[in-house]
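Keep in mind that this is a model prediction, so the values were computed, not measured. Below, read A as the first sequence line, B as the second, and so on, with proteins coming before strands; counting in each chain starts at 1.
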Amino acid sequence: MEVPELPEVETVANGVHDRIHGLTVEQVWTSNKPQTFKSPPQEIVETLTGARIDGVRRVGKTIVADLSRGGEKAQFLIHLGMTGRLLVSAPEVPHPPHTHAILALSNGQELRFVDARRFGRLSVSKESYGGPGTEPLTISPDAFVALFKGRRTPIKAALLNQSLLHGVGNIYADESLFRAGIRPKRHAGRLTRAELLRLRIALIEVLEHAISLGGSSVSDYVDADGVRGFFQLEHKVYTRTGEPCLVCATPIQKITVGGRSTHFCPVCQR
DNA sequence: AGGAACTCCTGATGGC
DNA sequence: TGCCATCAGGAGTTCC
C-alpha cells in the first residue's frame with residue numbers, strides 16, 4: 001500500500017467500521033515501544049477495556065473509533081504513519097512482526113495494530129477529536145483561498161501542512177498540483193484566486209477518485225490474514241521521474257520541496 | 001509566529 | 001552472494 005493519505009485512511013476506517021462497530025473491547029494488550037503510544041499505554045488500556053465501539057471513521061489522516069462505556073464517551077485515535085496497518089483477525093492467526101496493540105473483541109476476533117516503521121501513533125481522548133486543520137473534501141472555495149493568503153512557503157509545502165488542510169500527503173499533493181497546472185515551488189501566497197480555485201477542484205477530484213477506487217475494495221482490505229490488496233490510483237507524476245508526461249511527453253522532473261520528493265511536469269505546470 | 005531543518009524508524013533498493 | 005549506503009516519509013521538536 002502506498003503511504004496512507006486521506007483516501008487510504010478513509011478506506012481502512014470504513015472497512016474496520018464494517019467489521020467491528022457495535023462490538024465491545026474485552027481485553028487490550030500493548031507492546032513496550034513507547035514511541036507508538038501518544039497516550040500512556042495504561043491509559044489506553046483503561047479507556048478501551050469494556051468500551052463499546054460505536055463506530056469507526058476518518059478525520060484527516062487519523063482513524064477515530066468512537067467509544068462508549070456506561071454513559072461515558074471517549075475516542076480511540078489511530079494514526080497509521082507510513083506503515084501502520086489495522087487488521088481484524090481470528091486469535092489463532094499468528095501475530096505479524098511489529099504488532100503493537102491487540103484488542104480482543106466480543107465476537108472473539110482481534111483488532112491488531114501492526115507497524116514496522118513505527119511512525120504510527122495510538123492515543124485515547126475524552127475530547128471530541130477535530131483534527132489539526134480543515135477537511136479538503138468539504139472546504140468552501142473562499143475558505144480554501146483564505147488558507148494560503150500571505151504564505152511565503154511553497155504551495156507544495158503548504159498542501160502538506162496538516163494544520164491548514166489535513167489529510168493531504170505527498171502523493172496527492174503532487175498529483176493535484178499537476179492536474180491544476182501549478183509548479184510545486186510557487187509561493188502559496190502568490191497564487192491567483194483562479195489558480196487556487198483550480199487547485200481546490202483538482203485536489204477534491206483526485207481524492208474522490210481515489211476514494212471511489214478504494215470503496216470497491218473495502219470488503220477485501222481488512223482480512224483475517226491482513227491486507228489482501230489495495231487500490232492503486234494511476235499516478236500522472238508521482239514516482240514517474242524521467243518518464244514522459246502523459247499530456248505533453250516532456251520528461252517528469254523530480255526535485256525536493258519542503259524536504260519531500262516532488263514530481264512535476266516543467267511544461268504543463270507553471 | 002511562520003518557516004525550515006532535524007529527528008525518529010526499518011524495509012527496499014542499488015552499487016560494488 | 002553479501003554487505004553497506006541510501007532512500008522513503010508524517011509529524012513532532014527545535015531553532016531562527
Side-chain angles (χ1 to χ4, degrees), chain A residues 1-13 30-41 58-64 77-87 95-101 113-125 129-136 146-177 184-191 203 207 210 226-227 230 232-233 235 237-243 252-264:
Chain A
M1 177 170 90
E2 307 278 6
V3 171
E5 302 183 27
L6 187 154
E8 292 80 9
V9 176
E10 177 139 336
T11 301
V12 172
T30 64
S31 75
N32 59 357
K33 293 286 190 291
Q35 194 186 280
T36 299
F37 305 98
K38 229 167 130 184
S39 307
R58 175 196 65 77
V59 175
K61 292 182 197 171
T62 298
I63 295 167
V64 179
L77 306 179
I78 303 128
H79 195 299
L80 299 175
M82 286 185 68
T83 53
R85 292 185 298 155
L86 276 180
L87 312 177
H95 301 160
H98 309 293
T99 298
H100 295 294
F113 178 70
V114 180
D115 184 14
R117 209 162 290 182
R118 272 187 270 149
F119 277 25
R121 296 288 180 271
L122 302 179
S123 63
V124 289
S125 170
Y129 179 74
T134 307
E135 280 292 329
L147 281 181
F148 303 100
K149 192 168 185 176
R151 301 220 161 243
R152 299 188 181 282
T153 197
I155 184 62
K156 164 73 183 275
L159 283 174
L160 295 178
N161 183 343
Q162 301 295 296
S163 66
L164 300 177
L165 295 168
H166 57 205
V168 182
N170 209 32
I171 297 172
Y172 297 103
D174 279 6
E175 293 296 317
S176 61
L177 286 169
K185 276 194 168 175
R186 293 273 305 281
H187 284 251
R190 297 227 179 105
L191 294 178
L203 181 60
L207 291 173
V227 179
F230 210 61
Q232 175 98 22
L233 181 85
H235 305 140
V237 286
Y238 187 73
T239 68
R240 294 196 62 245
T241 312
E243 294 177 39
I252 298 301
Q253 288 189 12
K254 179 178 173 182
I255 58 176
T256 297
V257 182
R260 292 287 166 257
S261 65
T262 297
H263 315 76
F264 72 103

Partner set under side-chain hydrogen bond (donor to acceptor under 3.5 Å, both in side chains) for A:Thr262, not counting sequence neighbours: A:Lys156
Which atom pairs, one a donor and one an acceptor, fall under 3.5 Å between side chains of residues 146-153 of chain A and the rest of the protein, sequence neighbours left out?
from, atom 1, to, atom 2, distance (Å)
A:Arg151, NE, A:Leu147, O, 3.4

Under the side-chain hydrogen bond (donor to acceptor under 3.5 Å, both in side chains) test, residues paired with A:His98 that sit two or more places apart: none
Smallest heavy-atom separation, A:Glu5 atom then A:Ile171 atom, equals OE2-N, 2.8 Å
Just to verify, what does A:Arg260 make a side-chain hydrogen bond (donor to acceptor under 3.5 Å, both in side chains) with, not counting sequence neighbours? none
Could you walk me through whether A:Thr99 and A:Phe113 pass the side chain to side chain contact (heavy atoms under 4.5 Å, CB included) test, one step at a time? CA-CA 6 Å; A:Thr99 298; A:Phe113 178 70; over 6 Å; no
Does C:dG12 have OP1 or OP2 sitting under 4.0 Å from an N or O in the side chain of A:Lys38? yes
Donor-acceptor pair, distance only, cut-off 3.5 Å: does the side chain of A:Gln162 make one with the backbone of A:Pro132? no
Side chain of A:Asp174, backbone of A:Tyr238: donor and acceptor closer than 3.5 Å? no
Rounded to 10°, tell me the angle between the two end axes of the helix from B:dG2-C:dC16 to B:dC16-C:dG2, each built from five pairs. 40°
Take atom OH of A:Tyr172 and atom C1' of C:dG9, then tell me their distance rounded to the nearest Å. 15 Å
Set of side-chain hydrogen bond (donor to acceptor under 3.5 Å, both in side chains) partners for A:Thr62, sequence neighbours left out: A:Tyr129
To the nearest Å, how far apart are A:Leu6 CG and C:dG10 C1'? 14 Å
Please give me the minimum heavy-atom distance between A:His263 and A:Arg240, naming the atom from each residue. CD2-N, 4.3 Å
Just by distance, do the side chain of A:Asp115 and the backbone of A:His100 share a donor-acceptor pair under 3.5 Å? no
Roughly, in whole Å, what's the span from CZ in A:Arg58 to P in C:dG10? 15 Å
Applying side-chain contact (heavy atoms from CB on, under 4.5 Å), can you list everything that pairs with A:Glu135, at least two apart in sequence or on another chain? A:Leu6, A:Arg58, A:Val59, A:Thr138, A:His166
What N/O pairs connect the protein and nucleotides 3-5 of chain C at under 3.5 Å? Give each pair on its own line.
none

What heavy-atom pair brings A:Val168 and A:Ala173 nearest, and what distance separates the two atoms? CG1-N, 3.8 Å
Roughly how many Å is it from NE2 in A:His187 to C1' in B:dG2, rounded to a whole number? 13 Å
Check the distance between C:dA11's C1' and A:Asn170's CG and give it to me in whole angstrom. 13 Å
Taking atom P of C:dG9 as reference, at what distance in whole Å does atom CD of A:Glu8 sit? 13 Å
Kindly say whether A:Gly84 contributes a backbone atom to a donor-acceptor pair with the side chain of A:Arg117 at under 3.5 angstrom? no
Keeping to residues at least two apart or across chains, list the salt bridge (charged side-chain N to carboxylate O under 4.0 Å, His left out) pairs with something in residues 31-40 of chain A. none
Distance check needed: B:dG11 P versus A:Arg85 CZ, whole Å only. 12 Å
Under-3.5 Å N/O pairs linking protein and nucleotides 6-9 of chain B:
from, atom 1, to, atom 2, distance (Å)
B:dC8, O3', A:Gln35, OE1, 2.4
B:dC9, OP1, A:Gln35, OE1, 2.5
B:dC9, O5', A:Gln35, OE1, 3.2
B:dC9, O3', A:Arg118, NH2, 3.3

Are A:Pro4 and A:Lys61 packed together at the side-chain level, in the sense that at least one heavy-atom pair is separated by less than 4.5 angstrom? no
Would you say A:His166 reaches C:dA11's phosphate, i.e. side-chain N/O to OP1/OP2 under 4.0 Å? no
Can you tell me how far C1' of C:dG10 sits from CD of A:Glu5, to the nearest Å? 10 Å
How would you label the contact of A:Lys33 with the nucleic acid (heavy atoms, under 4.0 Å): base, sugar-phosphate, or nothing? nothing
For A:Tyr172 and A:Leu203, which heavy atoms make the closest approach, and how far apart are they? O-CD1, 4.1 Å
Would you tabulate the pairs of protein nitrogen or oxygen atoms and nucleotide nitrogen or oxygen atoms of nucleotides 14-16 of chain C closer than 3.5 angstrom?
none

Is A:Thr83 touching bases, backbone alone, or none of the nucleic acid, heavy atoms closer than 4.0 Å? nothing
Which residues within residues 147-160 of chain A lie with some heavy atom under 4.0 Å of an atom in DNA chain C? none
